[in-house]
Amino acid sequence: MAAAGGGSRYLKEPFDCAHEHRFEATERIMELQFENVDRRLEKIEAMILGVEKRLWMAVFGVVGVILSQAVQSILTFGTK
């Protein structure tokens, strides 16, 4: 029996099924790629937080040294 569109429906069904599987596989690959990108971004954010903490520690260290030198110079000036 021929289908209304011409040709056998059995010839078209496997192709449609293969197309669906290909589409599902593409979606799964894209999902895995987005998960991988998300994981990498989380690692980058954690590294940025570590760098930020170290930067602030360096800033506070420099400010502490400057303040201690200022206090020391005030104390030596006051004793003269």
Side-chain angles (χ1 to χ4, degrees):
M1 286 190 195
S8 173
R9 71 179 182 114
Y10 297 108
L11 292 177
K12 294 182 180 179
E13 283 182 7
F15 179 75
D16 291 338
C17 184
H19 183 69
E20 279 185 34
H21 288 297
R22 189 178 305 135
F23 185 71
E24 289 172 2
T26 303
E27 284 183 339
R28 180 67 180 142
I29 289 170
M30 288 177 56
E31 181 181 331
L32 290 172
Q33 288 175 340
F34 280 118
E35 287 174 5
N36 193 17
V37 168
D38 191 38
R39 200 174 320 117
R40 287 180 183 179
L41 285 175
E42 287 175 359
K43 287 181 182 179
I44 291 171
E45 287 175 357
M47 290 183 345
I48 288 173
L49 285 175
V51 169
E52 185 180 10
K53 287 180 184 178
R54 290 184 195 118
L55 178 64
W56 280 112
M57 290 300 291
V59 167
F60 287 138
V62 169
V63 169
V65 168
I66 292 171
L67 287 177
S68 66
Q69 287 180 352
V71 168
Q72 186 179 11
S73 65
I74 290 173
L75 290 176
T76 56
F77 180 73
T79 57
K80 289 185 180 179

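None of these values were measured; they are calculated from a predicted model. All heavy atoms count here, side chains included; hydrogens, waters and symmetry mates do not.
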(request) Using a cut-off of 6.0 Å, state whether more than 12 heavy atoms not belonging to E31 lie near its atom CD. (result) yes

(request) Name all residues meeting the side chain to side chain contact (heavy atoms under 4.5 Å, CB included) criterion together with L32; count only those two or more places apart in sequence or in a different chain, and write none if there are none. (result) R28, E35

(request) Would you indicate whether the side-chain heavy atoms of N36 and R39 approach each other to under 4.5 Å? (result) yes

Donor-acceptor pairs under 3.5 angstrom involving side-chain atoms of residues 42-60: please list them, not counting sequence neighbours.
none

Can you give me every donor-acceptor pair (side chain of residues 63-71, partner residue at least two apart or in another chain, under 3.5 Å) with its distance?
from : atom 1 : to  : atom 2 : distance (Å)
S68  : OG     : G64 : O      : 3.2
S68  : OG     : V65 : O      : 2.8

